[in-house]
Amino acid sequence: MNKEKYDHSKIEKKWQDVWKKAQIFKTKFGNNGKNFYCLDMFPYPSGQGLHVGHPRGYTATDVYARYMRMKGFCVLHPMGWDAFGLPAENYAIRNKIHPSLAVRQNIQKFKKQISSFGFSYDWSREINTTDPDYYKWTQWIFLKLFKRGLAYESDAPINWCPSCKTGLANEEVVNGKCERCGKQTESKKIRQWILKITQYADQLLKGLDDLDWPESIKTMQRNWIGKSEGATIKFQIINNKLQNSNKYIEVFTTRADTLYGCTYLVVAPEYFISNLKAQIDALTASKPKSQFIFENLTEIERYCAIATKQLNIDKQHFDKNKTGVEIKGIKAINPINQKEIPIFVSDYVLNEYGTGAIMAVPAHDARDFEFAKKYNLPVIDVIQNDDTGILPFLGEGKIKNSNEFNEFSSNLGAKQIILKLKKQGLAQKHIQYKLRDWIFSRQRYWGEPIPVIHCPKCGVVPVPEKDLPVLLPSVKSYEPIGTGESPLANIREWVNTKCPSCSGDAQRETNTMPQWAGSCWYYLAYLAKNNSKFEILNSKLFNNWLPVNLYVGGAEHAVLHLLYVRFWHKVLFDEKIVGSKEPFQKLINVGMIVAPNGQKMSKSRGNVISPDDLIKKYGADSLRLTELFIGPFSQSIQWNKNGIIGMRKFLERIISLKSKISPKSNQKIENGLNKMLVKVDKDIKSFQFNTAISAMMIFVNLSIKEKSISKGQYKKLLAVLSPFAPHITQELWSKLGKNNFICQQAYPSYKHQKKEQIINIPVQINGKLRGEIKININDKKEFIIECAKNNPKIKLWVNGKIIKTIYIPLKIINFVVK
RNA sequence: GCCCAGAUGGCGGAAUGGUAUACGCGCAACACUUAAAAUGUUGUCCCGUUUACGGGAUGAGGGUUCGACUCCCUCUCUGGGCACCA
């Protein structure tokens with residue numbers, strides 16, 4: 001056999017150059033009809049370069065983008081670089097090069113690697129979040145947030161990473177450790193910029209319902225937002241020295257139905273210090289009163305000091321015995337039955353959630369139960385528990401031991417109890433979220449400067465829009481200083497400026513934005529990019545292209561990027577900059593590819609498999625197929641070094657199939673082709689690329705076996721394969737004498753398959769396969785059943801009587817026999 | 001502890017409640033070759049007779065059904081997320 005040599009390197013380079021020159025992937029804007037926005041999560045260009053896991057998602061979106069173009073859509077498929085943030089800065093520090101230089105080098109490397117796959121990106125829309133023309137608009141959006149009161153300064157304690165020397169958002173702390181470097185975070189009080197994402201909590205929650213996203217991601221966001229509906233209830237504090245003080249402790253509860261079971265209150269240590277004690281002290285201006293009220297103040301204060309100093313990590317040991325101290329000298333009154341109950345301070349109550357104080361119902365809460373056992377506190381069972389009677393019982397049920405509320409359901413009882421107390425001004429319905437505001441400032445160099453100026457006379461003054469961008473100054477020393485201030489604070493000539501309002505001496509904000517800022521609007525930037533500038537106010541453009549039709553990326557951003565970006569988008573909707581309420585209509589997660597030993601690929605582990613070597617040896621087309629054939633797209637999977645060999649062989653078989661083109665074809669091949677076209681079409685739509693590729697293989701195997709395929713059939717094969725393997729299909733296409741681009745052809749049509757007249761259907765006895773009969777599809781049911789009964793193999797099994805006959809037309813026959 | 005996925009040959013996996021193991025890798029035999037590689041052909045879930053056939057098997061156990069990898073219940077294990085959120 002005279003086999004053609006498959007010189008993939010030559011072929012791939014040739015066509016990549018031709019495509020680039022012809023600009024065939026440049027999106028033609030202005031077409032208001034069938035637009036399709038196909039978006040990848042843009043990468044952070046690390047110094048390590050790509051490993052084989054990164055291009056899995058990019059390959060899938062490229063197949064999809066090419067498929068949609070062939071279906072007649074005007075497709076926007078862009079790529080860019082998320083280059084601000086800690087990793088870029090840490091890389092620069094480690095390698096002793098300036099971040100701006102490191103980023104430039106890394107982008108170059110990434111772009112070269114990504115380009116070698118032959119992805120159909122519109123590179124004229126490439127963006128880089130560290131480009132001043134880009135971050136000008138990141139700052140501009142920040143000012144919109146500021147002017148809407150959604151950005152504020154605070155001195156409240158935050159998560160601090162002692163290694164990265166910066167504050168972190170709650171979303172960036174994983175198990176009490178810094179998401180980036182793995183060091184334990186501390187609680188530190190420094191001035192911070194905070195975004196009021198909680199104001200959008202309900203919208204962020206409700207918006208999820210209409211999104212075509214994986215249920216798991218939606219669930220994660222719902223849990224993170226953590227909506228709880230309940231009530232706040234006021235407990236009066238009493239003390240014989242405090243006459244009619246009208247001091248209350250307010251608690252939040254979702255189980256007002258258990259109020260009769262409340263036998264004590266617990267407050268968080270922080271709550272005691274800054275609320276309870278502070279209130280008492282404030283009663284008389286002259287001298288602190290608290291030591292006269294609290295009989296064991298020293299003991300309480302000692303406990304609070306230890307508890308508040310503890311690192312987050314220590315608070316997470318659940319099995320750790322609960323600790324606490326009774327606040328002696330005061331009692332609380334349970335408002336529903338006027339009983340006097342003790343008050344404790346304990347660190348099992350979180351100051352940041354609810355009111356910082358709880359009503360403890362040991363019979364119906366595991367934590368309260370544990371605490372009550374330890375300190376011998378009464379346990380009053382107020383919910384009927386039909387099953388076991390074991391306490392604590394956490395479920396709902398009929399109320400008991402609760403006077404007029406007995407026999408009520410939990411639901412109704414809670415409502416009635418709240419209603420009764422509300423009339424006395426002691427309760428209020430309340431919705432509580434777990435979501436906290438977004439700690440938005442970082443004490444680091446490599447980020448967008450926050451565009452505000454601090455003026456001793458005018459306070460915080462936003463930088464006027466005309467002065468944007470506030471350029472990140474170019475400096476030699478950019479290492480974090482760890483004082484709670486950004487390294488920018490040391491650059492006097494940059495910090496000192498004039499107040500835009502009063503023209504007096506003023507100082508620039510020295511904190512920078514977190515790495516998530518730039519990615520909060522980049523999908524708009526691709527649209528807004530015009531030459532090197534951005535037209536972010538072009539709402540018509542946005543309306544034509546938003547929301548993004550398809551967004552593909554890893555699941556690790558579930559509560560970080562994917563929550564933040566939705567928040568910004570909703571603010572921009574309120575600003576009437578975008579017309580859609582959500583940024584991404586459909587989201588698909590790409591599964592991670594791990595090393596053959598099951599570990600995550602990383603340079604430090606030395607198990608990185610680079611796409612460069614594979615492309616060199618087998619070609620980009622083979623690697624593209626491997627990325628998709630390896631397994632179900634959203635499932636994470638171990639890399640198998642032999643997988644690519646099969647893909648290479650498949651492409652070689654397609655090349656050799658060309659020599660088998662003959663003028664005549666047969667019906668078998670035509671049927672096979674139709675079946676394949678239907679399957680591939682359906683599978684691409686549902687992101688089942690592995691079975692789409694397998695369907696093409698089955699057809700190729702059939703064609704080789706039958707030794708005859710017509711030119712028309714071969715062309716259709718090349719066309720459906722072209723989104724997966726664009727280079728070799730283009731090469732073969734041109735070898736057939738075509739001088740146009742295969743990727744610009746219409747997607748191959750398929751006839752609705754002519755049903756075969758004679759088919760085999762299986763025959764079962766009692767659900768077990770016992771034989772097969774040939775039938776004509778026009779045969780009558782009775783005739784078919786008769787045929788089956790008379791089949792010699794079946795006869796052997798039908799000794800007794802046939803009790804029942806099940807016939808599913810053209811599918812299966814099942815005889816039920818005694 | 002709670003929430004969400006998942007468990008099918010030696011490996012990755014396929015299967016609208018209707019012939020389980022498609023497709024690929026690996027392995028074996030044969031052909032071509034002086035030889036090897038490449039390629040091609042055939043075979044490849046397990047057990048028994050080795051053509052035909054019969055029995056068993058989709059993490060374990062139960063259930064619904066004429067029929068279950070698929071639906072329901074219980075359990076085991078694996079991966080991911082949350083984590084004293086009242």
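The sequence lines fix the lettering, A, B, ..., with proteins before strands; numbering per chain opens at 1. Below, each value reflects all heavy atoms present in this structure, side chains not excepted, and no hydrogens, waters or symmetry copies.
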Taking only residues two or more places apart in sequence or in another chain, which ones pass side chain to side chain donor-acceptor pair (under 3.5 Å) with [X]?
{"X": "A:Ser686", "answer": "A:Gln688"}
{"X": "A:Arg566", "answer": "A:Gln221, A:Glu582"}
{"X": "A:Asp613", "answer": "none"}
{"X": "A:Lys707", "answer": "none"}

For A:Asn791, check side chain to side chain contact (heavy atoms under 4.5 Å, CB included) against everything at least two apart and list the hits. A:Ile773, A:Lys793, A:Ile794
Kindly list each side-chain donor-acceptor pair under 3.5 angstrom involving residues 761-770 of chain A, sequence neighbours excluded, with atom names and distances?
{"residue": "A:Asn766", "atom": "OD1", "partner": "A:Val817", "partner atom": "N", "Å": "2.8"}
{"residue": "A:Asn766", "atom": "ND2", "partner": "A:Val817", "partner atom": "O", "Å": "3.3"}

Show the distances under 3.5 angstrom between N or O atoms of the protein and N or O atoms of nucleotides 73-76 of chain B.
none

In B:rG9, glycosidic geometry as syn within 90° of 0 or anti otherwise: syn
Please write out the pairs of protein N or O atoms and N or O atoms of nucleotides 51-56 of chain B separated by less than 3.5 Å, giving the distance to one decimal.
{"residue": "B:rG55", "atom": "OP1", "partner": "A:Arg770", "partner atom": "NH2", "Å": "3.2"}
{"residue": "B:rG55", "atom": "OP2", "partner": "A:Arg770", "partner atom": "NH1", "Å": "3.0"}

Using the salt bridge (Lys or Arg N to Asp or Glu O under 4.0 Å) criterion, which residues pair with A:Glu396? Sequence neighbours excluded. none
Once Watson-Crick and G-U wobble pairs under 3.5 Å are found, how is RNA chain B written in dot-bracket notation, 5' to 3', with | for any base paired to another strand? (((((((..(((.....[....)))((((((.......))))))((((....))))..(((((..]....))))))))))))....
On the nucleotide B:rA22, are OP1 or OP2 found under 4.0 Å from the side-chain N or O atoms that A:Asn701 carries? no
Output every pair passing salt bridge (Lys or Arg N to Asp or Glu O under 4.0 Å) with a member in residues 221-234 of chain A, not counting sequence neighbours, ordered by first then second residue. A:Asp202-A:Lys227, A:Asp209-A:Arg222, A:Glu215-A:Arg222
Its contact letters, B for base, S for sugar-phosphate only and - for none at protein heavy atoms under 4.0 Å, make nucleotides 7-16 of chain B read -----BSS-B
Select base, sugar-phosphate, or nothing to describe what A:Asn642 touches, counting heavy atoms under 4.0 Å on all strands. sugar-phosphate
